[in-house]
Each structure stands twice: as structure tokens, then as C-alpha cells.
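For reference, the structure discussed in these notes is given below.
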Amino acid sequence: MTPSPERRRELLSTAAEVFAAQGYNATTVRRIADEAGMLAGSLYYHFDSKESMVDEILSTFLNELWAGYDEVLGAGLGPRDTVEALVTESFREIDRHRAAVAIYQKESKHLSTQPRFRYLTESQGRFERAWLGALERGVAEGVFRADLDIRLAYRFLRDTVWVAASWYRPGGGHSPEEIARQYLSMVLDGITPREEQTRRDRTQRETQRETQRKTQRP
């Protein structure tokens, strides 16, 4: 009999939570089987090793992440809109694959030394090029500050977005889109030129006044 896709997904979800909590090296097949409510030998019916499990967990997460990123990067957006869309897509992936993100953060450096996980290094390179490209374009077009340290900004954005996997819980009080909006409002105004921020503030005030006038009309 072929294991059902639904059962595989359930087992991978359980394994991801265990890997994220305990670390890859400290996790045994027996521990995953115990959490799944089955015998360790039965788990081998579905997967040949814990390496196969973490491989499928990480590759599934990254494939979905890049499907979303590629759509953003191919949309022809301006640099600020690109950064905003990448951040939003990142929080959506944290919502879908919180445990996988935590594993990626903790284990990718170690796992990427193995030929089977070479794609982790390749993905990191793509990730860096995507973000640096948007930031560089923003500086060149005057959307972001001319004195912005591109690499420092990239690392700050990257780390402060993905660290959310350590506290975010699906089904909480805020959607991933709302968290992204709040995050962007705190971060991006710190890297836009003063005159750009002044213009945005003025536009916002004018919009608010117009809305108030409309609501006050008899």
C-alpha cells in the first residue's frame, strides 16, 4: 500500500514541530514517532530517515516561498512596493510554515554542508540578490536614502522579519498581512528620504481632512 499524502503531511507537520523545538541533531526517529502516536518502525513505512523528513519540510517551504517571491519580482513594481510585497509574502510563509522557518534558521548552516542540502546555499544566494536588488534600485531612484548602507539594511530586514517565527502563532490576533503592515510602517519610514516622508505625511493629512469633510456634510 502507498502511504496517503494526507498522512505524510500530518507526519511531516509533527516532525517539523519536533525539529524546531529540539534541533535536528537532538531529534530521533523514535521521538517523532512518539509525538505522532506510532511505533518508530511504522514511521519508516513513510520515510526512510529523519534526513528525508527534514529535506521534504525545508524544500516544501522554500518552493512555496520562491513561488511567491518570483511573482513579486516579476510584477514590475517600484522598489518600495517590491520591498513591501516581499515582506508581506515572508510573513505569509511564516504563517504557513512557522516550524519550517525555525528549522531553516537554526539548521541551514549545518545542513548545507551536505550535498543533499546544497539547495539551501543556492536559495540563500537568490534571497540576498532579490533583497539587495530592490534596495539598490530604491537608492538609485531616490525612494530610499542616498546614504543607506544596503547590506546592513538587508540584514536588518531579513533578520527582523524571519525572527517572527520564534513568536508568531497561526490563528492569533493579527493576520500575517496586518503584521506585515505594522512592521513596514515602523521600518520603511526610517529608510526613506526626509522630503519623501514629508510628502507622504502631507498626502495622508490631506486625505484625512477630505474624509472628515465628507463625513461632516449634512
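Atom set for the values below is all heavy atoms of this structure, side chains included, hydrogens, waters and symmetry mates excluded.
Atom OH of residue Tyr119 and atom CG of residue Leu58 lie 5.0 Å apart, to the nearest 0.5 angstrom. We find the CD1-CG distance between Ile32 and Leu11 to be 9.5 Å, quoted to the nearest 0.5 Å. Atom-to-atom distance recorded for Leu111:CG and Ile103:CD1 is 9.5 Å, nearest 0.5 angstrom. Considering CZ of Arg30 and CE of Met38, their distance stands at 12.5 Å, rounded to 0.5 Å.
Shortest non-hydrogen contact noted between Val29 and Ala40 is CG1-O, 4.2 Å. Closest heavy-atom contact between Ala130 and Leu73: CB-CD1, 3.8 Å. Between Ala20 and Ala99 the shortest heavy-atom distance is CB-O, 3.9 Å. Across Ala85 and Val72, no two heavy atoms sit closer than the pair CB-CG1, 3.6 Å. Closest of all the heavy-atom pairs between Ile94 and Ala165 is CG2-CA, 4.0 Å. Across all non-hydrogen atoms, the minimal contact from His110 to Thr113 is O-OG1, 2.7 Å.
Put simply, Met53 and Leu39 are part of two different groups of oily side chains (I, L, V, M, F, W, Y) that touch within less than 4.5 Å, one to the next. Hydrophobic clustering, with ILVMFWY side chains joined whenever heavy atoms are under 4.5 angstrom apart, keeps Val87 apart from Val163. No chain of hydrophobic side-chain contacts below 4.5 Å, direct or via other Ile, Leu, Val, Met, Phe, Trp or Tyr residues, connects Leu135 to Leu152. Note: the hydrophobic cluster containing Val143 also contains Phe156 (ILVMFWY, side chain heavy atoms under 4.5 Å, direct or indirect links).
Side-chain contact between Arg137 and Thr82 is present, with heavy atoms from C-beta onward closer than 4.5 Å. At a threshold of 4.5 Å between non-hydrogen side-chain atoms, the residues Tyr168 and Val101 do not count as touching. With contacts defined as side-chain heavy-atom distances shorter than 4.5 Å, the pair Pro79/Glu141 qualifies. Annotation: side chain of Thr60 is in contact with side chain of His97 (closest heavy-atom distance under 4.5 Å).
By the salt bridge (Lys or Arg N to Asp or Glu O under 4.0 Å) test, Glu10 pairs with Arg7, sequence neighbours left out. The ring pair (Phe, Tyr, Trp, His ring centres under 6.0 Å) search around Tyr24 returns Phe19, not counting sequence neighbours. For Glu122, there are no salt bridge (Lys or Arg N to Asp or Glu O under 4.0 Å) partners, not counting sequence neighbours. For Thr27, the side chain to side chain donor-acceptor pair (under 3.5 Å) criterion is met by no residue, not counting sequence neighbours. Residues forming a side chain to side chain donor-acceptor pair (under 3.5 Å) with Arg9 (at least two apart in sequence, or on another chain): none. Qualifying ring pair (Phe, Tyr, Trp, His ring centres under 6.0 Å) partners for Tyr183, counting only residues two or more places apart in sequence or in other chains: Phe91. For the side chain to side chain donor-acceptor pair (under 3.5 Å) test, residues two or more places apart in sequence or in another chain that qualify with Asp48 are Ser52. Not counting sequence neighbours, the partners of Glu89 by the salt bridge (Lys or Arg N to Asp or Glu O under 4.0 Å) test are Arg92, Arg96. Residues forming a side chain to side chain donor-acceptor pair (under 3.5 Å) with Arg126 (at least two apart in sequence, or on another chain): Asp70.
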task: Could you check Leu77 against Glu84 for side chain to side chain contact (heavy atoms under 4.5 Å, CB included), going step by step and ending with a plain yes or no?
output: CA-CA 10 Å; Leu77 303 173; Glu84 291 180 346; over 6 Å; no

field: Glu51/Gln114 under side chain to side chain contact (heavy atoms under 4.5 Å, CB included): CA gap, chis, key distance, verdict
entry: CA-CA 11 Å; Glu51 184 181 63; Gln114 304 176 37; 2.9 Å; yes

message: What verdict does the side chain to side chain contact (heavy atoms under 4.5 Å, CB included) test give for Arg80 and Phe144, after you've listed the backbone C-alpha separation in whole Å, the side-chain angles of each residue and the deciding distance to 0.1 Å?
response: CA-CA 8 Å; Arg80 179 175 175 126; Phe144 300 145; 4.3 Å; yes

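Residues in residues 11-20 take part in these side-chain hydrogen bond (donor to acceptor under 3.5 Å, both in side chains) pairs, two or more places apart or across chains: Glu17-Arg98. Pairs engaging residues 55-68 under the salt bridge (Lys or Arg N to Asp or Glu O under 4.0 Å) rule: Arg8-Glu56, Asp55-Arg116 [sequence neighbours left out]. Listed by first and then second residue, the salt bridge (Lys or Arg N to Asp or Glu O under 4.0 Å) pairs involving residues 155-167 amount to none (not counting sequence neighbours).
Within the 3.5 Å criterion, the main-chain N or O of Thr28 finds no donor-acceptor partner in the side chain of Lys50. Side-chain atoms of Ser112 come within 3.5 Å of backbone N or O of Lys109 as a donor-acceptor pair.
A salt bridge is defined here as a Lys NZ or Arg NE, NH1 or NH2 lying under 4.0 Å from an Asp or Glu carboxylate O, and Arg31 with Glu35 meets this definition.
Summarising the local packing, NE2 of His174 is surrounded by 12 or fewer heavy atoms from other residues, nucleotides or ligands at distances under 6.0 Å.
Ring pair Phe61/Trp162 is perpendicular by interplanar angle, where above 60° counts as perpendicular and below 30° as parallel. By the 30° and 60° cut-offs, the orientation of the rings of Phe127 relative to Trp131 is tilted.
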